[in-house]
Every structure is written in structure tokens, then in C-alpha cells.
Amino acid sequence: LFALIVFSCVVGDGYINRSEEPELFCVFNRNEDACRYGIGIGILAFLACIFFFMVDIYFPQISNAMDRKYLVLADVGFSGLWTLLWFIGFCFLTNQWSWTRAEDVYIVADSARAAITFSFFSIFSWGLLLTFAY
């Protein structure tokens, strides 16, 4: 859910333009990489959540112990990696937001702050998923 919120905030209000400029730019200090990172990590985290949710549903039906072991190890590894990536994303978005000029953002400031806030919450939710998988 948090990944979906971060993704939708960046896609919906992450790109703006000024009246004198025809091109869209990223609201996070005009750094396109910040918007791309937020979108990319949000999409991949959401898809991974759907995948691991389906694995959890079918897990009792898997009879091979080695397959179960590999699925659990994949869940632990992916959750650990994504905890780290959400931490990096939070730091990156926060840093870029702190360097953003006030005249570049108007209404979209709330969406940018929401993306930062929910990327912070995602650190703990993925850490919790890591703990549960372990």
C-alpha cells in the first residue's frame, strides 16, 4: 500500500511546469532521477508484494521442502534488499526536496511530502516483512 502511494504521488504530481516553460520537470529539485527512482521502486515493490502474497497463499500446497526453502530465502533476501532501497529512496528524496526552490512548487508540495513520508514508512514495513520472513 505504501509503495502504491509513493508511486501515485510521484506520477500524479511529481512532474510540473512553470507557465513560461513548456517542458515538465521533476518537483524534487528538477532532478529526473529522483522521480524515476520513486516511480521505479514503487512499481517494483508493489509487484513484488503481489508475487509474495500469491506465494504465501500457495505455500501450504508446496510439498517439496527445497522449493519452500528457496521461496523463504527469496522472501528474506528481497525484503532485506527492499528495506535498504527504501532507506536510500527516503534519503534521496528528502535531500532533493531540501534543495528544491520554493518558487518551483506550489500545489504539488503536499504530494512530494507524502511521497517522502510514505517512503519512510516503507522502511519499517519492509523491515517488518523481513522479520516475519525470517
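In this text the structure is predicted, and so the values were computed from the model without any measurement.
Ring geometry, F120 versus F124: the interplanar angle exceeds 60°, so the pair is classed perpendicular (tilted spans 30 to 60°). Under the 30°/60° scheme for interplanar angles, the aromatic rings of F28 and W97 are found to stand perpendicular. Using the six-membered ring where Trp is involved, F78 and F52 have ring planes that are tilted, between 30° and 60° apart.
Heavy-atom minimum distance, G38 versus V6: O-CG1, 4.0 Å. Pairing each heavy atom of V10 with each of C35, the nearest pair is CG1-O, 3.5 Å. D75 and A133 get closest at one heavy-atom pair: OD2-CB, 3.7 Å. Across all non-hydrogen atoms, the minimal contact from S111 to D13 is OG-OD2, 2.7 Å. Between F90 and I123, the shortest heavy-atom distance links the atoms CB-CD1, 4.0 Å. Across V76 and L130, no two heavy atoms sit closer than the pair O-CD1, 3.2 Å.
F59 and Y70 fall into different hydrophobic clusters, defined by Ile, Leu, Val, Met, Phe, Trp and Tyr side-chain heavy atoms under 4.5 Å apart, directly or through other members. One hydrophobic cluster, built from ILVMFWY side chains closer than 4.5 Å, cannot hold both I62 and F132; they sit in different ones. Under the 4.5 Å side-chain heavy-atom criterion for grouping Ile, Leu, Val, Met, Phe, Trp and Tyr, F2 is connected to I88 within one hydrophobic cluster. With hydrophobic clusters built from ILVMFWY side chains whose heavy atoms lie under 4.5 angstrom apart, L4 shares a cluster with I50. Under the 4.5 Å side-chain heavy-atom criterion for grouping Ile, Leu, Val, Met, Phe, Trp and Tyr, W82 is not connected to L128 through any hydrophobic cluster.
Proximity of L129 to S79: side-chain heavy atoms (C-beta onward) are separated by under 4.5 Å at one or more points. Annotation: side chain of E32 is in contact with side chain of Y15 (closest heavy-atom distance under 4.5 Å). Side chains of W86 and I41 form a contact here, defined as non-hydrogen atoms less than 4.5 Å apart. Here the side chains of I39 and V11 are in contact, with some heavy-atom distance below 4.5 Å.
Once rounded to the nearest 0.5 Å, the distance linking CZ of F53 with OH of Y58 reads 10.5 Å. With values rounded to the nearest 0.5 angstrom, I116 atom CD1 is found 4.5 Å from T94 atom OG1. Atom-to-atom distance recorded for I5:CD1 and T117:OG1 is 10.5 Å, nearest 0.5 angstrom. In this structure, CG in L71 is found 12.5 Å from NZ in K69, a value given to the nearest 0.5 Å. W99 contributes atom CH2, which lies 8.5 Å from atom CG of N29 (distance to the nearest 0.5 angstrom).
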Requested in this report: Start with the C-alpha distance between R30 and Q96, add both sets of side-chain angles, then the distance that settles side-chain contact (heavy atoms from CB on, under 4.5 Å), and finish with yes or no.
Outcome: CA-CA 9 Å; R30 295 183 177 236; Q96 292 303 306; over 6 Å; no
**Report entry** Worked verdict on D33 versus F92 for side-chain contact (heavy atoms from CB on, under 4.5 Å)
**Finding:** CA-CA 10 Å; D33 292 333; F92 184 42; 4.2 Å; yes
Query raised in the report: Please walk me through it: do F118 and C9 pass side-chain contact (heavy atoms from CB on, under 4.5 Å)?
Result: CA-CA 10 Å; F118 283 100; C9 285; 5.8 Å; no
Query raised in the report: Checking side-chain contact (heavy atoms from CB on, under 4.5 Å) for the pair N31/C26: CA distance, chi angles, key distance, verdict?
Result: CA-CA 6 Å; N31 187 347; C26 181; 5.6 Å; no
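Around atom CZ of F87, no more than 12 heavy atoms belonging to other residues, nucleotides or ligands sit under 6.0 Å away.
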